[in-house]
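Worksheet: the structure to be examined is printed underneath.
Since the model is a prediction, treat every value here as computed from it, not as a measurement.
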Amino acid sequence: MSTRIAFLKGHGTENDFVIIPDPENVIDLPPAAVAALCDRRAGIGGDGLLHVVRSAAHPEARAMAAEAEWFMDYRNGDGSVAEMCGNGVRVFAHYLQRAGHVAEGDIAVATRGGVKTVHIAKEGDITVGMGKALLPEGDVTVSVGERSWPARNVNMGNPHAVAFVEDLDHAGDLYTAPPFSPASAYPDGVNVEFVVDRGLRHVALRVHERGSGETRSCGTGACAVAVAAARRDGADPTVTGTPATYTVDVPGGRLVITERPDGEIEMTGPAVIVAEGEIDAGWLETATP
């Protein structure tokens, strides 16, 4: 490992990330190293880490290299591996454009949740093709203290439990994962969204992200919420034949989610790079026993 490692810091609706450019996949990033970098007091700080690697150079992405040159090797803030991060994909694409690897228009990004189509608009917003939602059957309940709510099980490449509540304060502090049942519904844990209505096809959420705690935004969570709201509202595009668009307010901003009649979901929102610099590799080694 070199003595210094380049990094950037970015966010999408204040869901923030440490970005490590590593096209040839030569930087070792064990879970402890990722957690140290994402530590908000002793490290750089972030909800997660975007490891930027060419698909052909990563064993988990080589099969997607013909479709997508770049692989988003995403890690949660605690160092665990995640399938997908919607806000992260937008920031990832923005970094690729900033670095000169891609131009405005459509690009493909490989993720553990499959290849995602991304459109970089001239005005700056980025739209991500998030794929189709899976809606596993079975009742799910989430709880905070003495309150419990039925939740919609939605999978966006990662698992979500969507609960509609009367007040977002009912979600509590969200430092720890809200209990859910049955345990078999989410054997590897779950992202939990608490949702209130703000108007016609307009909702707001708070979210506990698996492996990160409460975050300012969650792209896949916003998609899951829009899907759950559309089913609740009788606006299922696969049934009505009409696209359903929901405005989803998150603590860090606003996302617009559209589900098309073919089931494909698009998410549009901003992406920002706020800083870049170098990590001292010696510090990283001492920070990861």
Examine distances only and state if a side-chain atom of Asp197 and a backbone atom of Gly199 form a donor-acceptor pair shorter than 3.5 Å.
-> no

Asp139, CG atom: more than 12 neighbouring heavy atoms under 6.0 Å = no

Side-chain donor/acceptor of Arg206 to backbone N/O of Leu168, under 3.5 Å = yes

Could you tell me the separation between the SG atom of Cys38 and the CZ atom of Arg75, rounded to the nearest 0.5 Å?
-> 10.0 Å

How about Asp249 and His202: does a side-chain donor come under 3.5 Å of a side-chain acceptor?
-> yes

Do any N or O atoms from the side chain of Arg216 and from the backbone of Pro251 form a donor-acceptor pair under 3.5 angstrom?
-> yes

Working to the nearest 0.5 Å, report the span between CG of Leu134 and NE2 of His160.
-> 11.0 Å

Under 3.5 Å, is there a donor-acceptor pair between the side chain of Asp233 and the main chain of Ala235?
-> no

Drop me the distance from Thr176's OG1 to His208's NE2, to the nearest 0.5 angstrom.
-> 7.0 Å

Examine distances only and state if a side-chain atom of Asn76 and a backbone atom of Asp78 form a donor-acceptor pair shorter than 3.5 Å.
-> no

Side-chain donor or acceptor of Arg62 paired with backbone N/O of Ala56 under 3.5 Å | yes

So, the side chain of Asp47 versus the backbone of Thr215: is there a donor-acceptor pair under 3.5 Å, distance only?
-> no

Do side-chain atoms of Asp236 reach the backbone of Arg231 as a donor and acceptor pair under 3.5 angstrom?
-> no

Would you call His94 and Ile120 a side-chain contact if the rule is heavy atoms closer than 4.5 Å?
-> no

Taken to the nearest 0.5 Å, the spacing of Thr127 OG1 from Ile257 CD1 works out to 9.5 Å

Check for a donor-acceptor pair, side chain of Thr288 on one end and backbone N or O of Ala32 on the other, with a separation under 3.5 Å.
-> no

Between Glu69 and Leu96, is any pair of side-chain heavy atoms under 4.5 Å apart?
-> no

dist Met156:CE -> Lys132:NZ (nearest 0.5 Å) comes out at 12.0 Å

Report yes or no: do Ile20 and Val26 belong to one cluster of Ile/Leu/Val/Met/Phe/Trp/Tyr joined by side chain heavy-atom distances under 4.5 Å?
-> yes

Indicate the ring-plane relationship of Trp149 and His170, choosing parallel, tilted or perpendicular according to the 30° and 60° boundaries.
-> parallel

Under 3.5 Å: donor-acceptor pair, side chain of Lys116, backbone of Gly86 | no

More than 12 heavy atoms of other groups within 6.0 Å of Glu123 CD | yes

With a 4.5 Å heavy-atom cut-off, do Met84 and Val89 have their side chains touching?
-> yes

Could you tell me the separation between the OG1 atom of Thr258 and the CE atom of Met130, rounded to the nearest 0.5 Å?
-> 12.5 Å

Common cluster, Val248/Val128, ILVMFWY with side-chain heavy-atom separation under 4.5 Å = yes

Taking atom types as modelled, find out whether Asn158 and Tyr74 have a side-chain donor-acceptor pair closer than 3.5 angstrom.
-> no

May I ask you to decide whether Asp167 forms a salt bridge with Arg147, counting only side-chain N to carboxylate O separations under 4.0 Å?
-> no

